[in-house]
K.L.:
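Just passing along the structure, written as structure tokens.
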Amino acid sequence: MSVHETLTNELAELDKKHFIHPTSSIKEQQENGPAIIFKEGKGVYLTDINGKKYIEGMASLWNVNVGYGRTELAEAAKEQLETLAFASSFATFSNEPAIRLAAKVAEMTPGDLNAVFFTSGGSESNDTSYKLVRHYWKIKGQPNKTKIISRERAYHGVAVGSTSATGIKDFHHMTTSLAAGFVHTESFSPEALRKTIEAEGADTIAAFIAEPVQGAGGVNIPPDGYFQEIRQICDEYNILLIADEVITGFGRTGKMFACEHWGIVPDVMLLAKGISSGYIPLGAVVVRDHIHQDFIKFSEGTLLHGFTYSGHPTACAVGLKNIEIMERENLVQNSKEMGALLHEKLKALQSETKIVGEVRFLGLIGALEIVKDQETNERFSEKLAPYIITEARKRGLILRTVTFGESDTIVFAPPLVINEQEVNELVGILKEAILEAEKTMN
């Protein structure tokens with residue numbers, strides 16, 4: 001047995017014995033061990049402990065926007081760790097990286113989104129927003145405005161509140177700890193939202209939350225005019241609009257923030273993932289001036305919400321450097337251009353294969369549907385997307401499926417640094433995997 005095989009076997013056994021994996025099949029882990037044990041990353045590629053190289057077609061979890069192996073980010077972390085690794089932000093203590101990152105985020109976000117509460121990630125950003133909007137209405141003398149309206153097929157995280165806001169029922173089935181006060185409506189129907197508001201009573205609703213592009217629900221892109229109408233409805237009924245930009249923020253859709261595609265300014269914007277490109281845990285909740293000013297005017301005593309790592313100096317230093325890289329290398333424009341190229345190449349698979357249905361993209365986030373009949377959109381009785389991504393992985397490409405309900409979908413979100421050659425490589429591997437799947441149908 002080689003040294004690599006010995007190490008792989010040792011780590012696999014330790015993994016099965018000691019590591020409970022997030023969002024994974026426990027049975028599959030125990031039967032097969034870890035699918036891949038990664039060792040190194042560079043650009044859009046990851047390498048496992050046996051030296052096999054993979055294109056990371058999902059930027060890991062939609063988040064490694066600037067690509068892997070960025071020594072600048074390591075250096076920024078090292079410098080901050082050696083200077084001030086951690087300091088509390090409770091009791092109005094502060095630190096320069098947190099102050100400067102808050103100011104930078106305020107500068108970048110649209111409209112008057114100017115005040116920032118830091119978290120460690122997307123689920124914390126979501127749960128924080130629910131508490132802040134409920135606090136807002138309480139201090140405004142409307143304590144009954146507590147309900148959060150979310151959408152079917154929405155994904156907002158896995159904390160108790162964010163799981164409850166998530167509109168994918170599979171996430172509700174693993175636990176009995178769903179929170180009260182969450183209501184779901186149709187994904188892309190302003191009229192359905194209006195009916196939900198009227199049925200629940202506008203005076204009981206704190207906020208409506210939506211991802212500009214639904215991510216884990218299948219990369220569902222809204223029709224033109226949807227968000228403009230949603231903004232109007234929220235204003236009409238005196239309901240706050242929360243935009244969950246955890247996936248879509250920081251260039252993923254070809255704009256710095258996806259809300260900019262439709263020219264709307266939410267009352268609250270949720271950030272994570274791309275704010276640090278996954279190099280360190282970091283998230284944020286950004287609120288508009290009118291909310292912040294009412295906090296200043298009406299909130300009494302201590303705001304009893306906060307995480308140990310809110311405003312973490314090292315995380316904020318990495319976030320600042322990450323944004324500097326994005327701006328210097330014009331990665332938002334690259335997202336737009338490479339996203340258009342990837343969309344074009346994947347659309348071509350519709351004529352080159354028999355089972356590729358709809359292809360949809362916005363910047364460098366997209367999806368393609370697997371269908372039995374391209375004309376009627378009929379689906380296979382047994383879903384093929386999982387088989388296809390397994391075949392793609394064997395060939396050196398990592399992708400993700402969405403198979404909730406009737407979905408048989410492959411989704412894409414490569415690092416924003418991807419170039420034309422790497423796009424062609426990604427599509428070439430995927431085509432081979434799809435053709436392999438087609439053989440199983442014969």
Side-chain angles (χ1 to χ4, degrees), residues 1-78 81-82 85-86 120-123 157-158 170-171 174-175 216 272-273 276-282 308-309 312 314-315 318 385-401 403 410-411 413-415 417 422 425-426 429-430 432-433 436:
M1 186 178 292
S2 70
V3 173
H4 283 307
E5 289 173 329
T6 301
L7 177 60
T8 300
N9 291 339
E10 177 193 355
L11 292 176
E13 289 306 311
L14 290 172
D15 184 281
K16 289 192 287 184
K17 187 175 182 180
H18 300 295
F19 187 1
I20 301 175
H21 285 249
T23 314
S24 301
S25 166
I26 294 174
K27 287 185 177 179
E28 182 179 339
Q29 178 205 15
Q30 292 304 310
E31 290 172 4
N32 303 318
I36 305 172
I37 302 175
F38 294 114
K39 182 179 181 181
E40 187 178 5
K42 188 72 174 178
V44 303
Y45 296 98
L46 288 174
T47 304
D48 69 18
I49 60 171
N50 296 308
K52 184 173 180 177
K53 196 174 181 181
Y54 304 83
I55 298 178
E56 188 26 294
M58 283 301 300
S60 194
L61 285 176
W62 325 80
N63 61 336
V64 188
N65 288 8
V66 300
Y68 297 90
R70 290 287 192 159
T71 56
E72 282 183 84
L73 295 181
E75 288 164 359
K78 179 177 183 293
L81 285 167
E82 292 175 341
F86 173 74
S120 298
S123 292
V158 293
D170 302 61
F171 285 91
M174 67 82 64
T175 179
K273 294 189 186 292
S276 66
S277 288
Y279 277 68
I280 202 163
L282 181 62
T308 298
Y309 298 124
H312 192 294
T314 304
V318 172
Y387 178 84
I388 292 169
I389 68 158
T390 298
E391 289 299 316
R393 192 171 68 212
K394 291 176 184 176
R395 293 163 170 79
L397 169 62
I398 296 171
L399 292 171
R400 182 173 174 176
T401 64
T403 55
I410 299 172
V411 295
V417 295
E422 291 159 349
E425 184 181 356
L426 184 159
I429 295 173
L430 179 61
E432 289 180 14
E436 183 64 30

K.L.:
Does Tyr309 reach the main-chain N or O of Pro281 with its side chain, forming a donor-acceptor pair under 3.5 Å?
P.N.:
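No.
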
K.L.:
Show your working on side-chain contact (heavy atoms from CB on, under 4.5 Å) between Lys53 and Thr47 and close with a plain yes or no.
P.N.:
CA-CA 4 Å; Lys53 196 174 181 181; Thr47 304; 4.2 Å; yes

K.L.:
Output yes when a side-chain donor or acceptor of Ser24 lies under 3.5 Å from a complementary backbone atom of Pro22, and no otherwise.
P.N.:
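Answer holds: yes.
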
K.L.:
What verdict does the side-chain contact (heavy atoms from CB on, under 4.5 Å) test give for Ile37 and Asp48, after you've listed the backbone C-alpha separation in whole Å, the side-chain angles of each residue and the deciding distance to 0.1 Å?
P.N.:
CA-CA 5 Å; Ile37 302 175; Asp48 69 18; 5.7 Å; no

K.L.:
Got a sec, which residues hit salt bridge (Lys or Arg N to Asp or Glu O under 4.0 Å) with Lys52, two or more places apart in sequence or on another chain?
P.N.:
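For Lys52 there are no salt bridge (Lys or Arg N to Asp or Glu O under 4.0 Å) partners, ignoring immediate neighbours.
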
K.L.:
Search all heavy atoms of Tyr68 against all heavy atoms of Ser60 and return the closest pair with its distance.
P.N.:
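So the two residues come closest at OH-CB, 3.3 Å.
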
K.L.:
What heavy-atom pair brings Val66 and Val417 nearest, and what distance separates the two atoms?
P.N.:
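Closest approach of Val66 to Val417: O-CG1, 3.4 Å.
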
K.L.:
Going by side chain to side chain contact (heavy atoms under 4.5 Å, CB included), name the residues that satisfy it together with Thr71, two or more places apart in sequence or in a different chain.
P.N.:
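Per chain and number, Thr71 pairs via side chain to side chain contact (heavy atoms under 4.5 Å, CB included) with Glu75.
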
K.L.:
Does Ile36 form a side-chain contact (heavy atoms from CB on, under 4.5 Å) with Ile398? I'd like the steps, not just the answer.
P.N.:
CA-CA 10 Å; Ile36 305 172; Ile398 296 171; 4.2 Å; yes

K.L.:
Between Lys273 (side chain only) and Leu61 (backbone N and O only), is there a donor and an acceptor less than 3.5 Å apart?
P.N.:
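Looks like yes, one N/O pair under 3.5 Å.
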
K.L.:
Can you tell me how the ring of Phe86 sits relative to the ring of His312, calling it parallel under 30°, perpendicular over 60° and tilted otherwise?
P.N.:
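Geometry flag for His312 against Phe86: tilted rings.
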
K.L.:
For Phe171, give me all partners under ring-ring contact (aromatic ring centres under 6.0 Å, His included), at least two apart in sequence or on another chain.
P.N.:
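Listed in chain order: Tyr155, Phe404.
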
K.L.:
For the backbone of Val158 and the side chain of Ser123, can you confirm whether one donor and one acceptor N or O come within less than 3.5 Å of each other?
P.N.:
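Looks like yes, one N/O pair under 3.5 Å.
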
K.L.:
So for atom OH, which belongs to Tyr54, do other residues, nucleotides or ligands contribute more than 12 heavy atoms lying within a distance under 6.0 Å?
P.N.:
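Result for OH/Tyr54: enclosed.
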
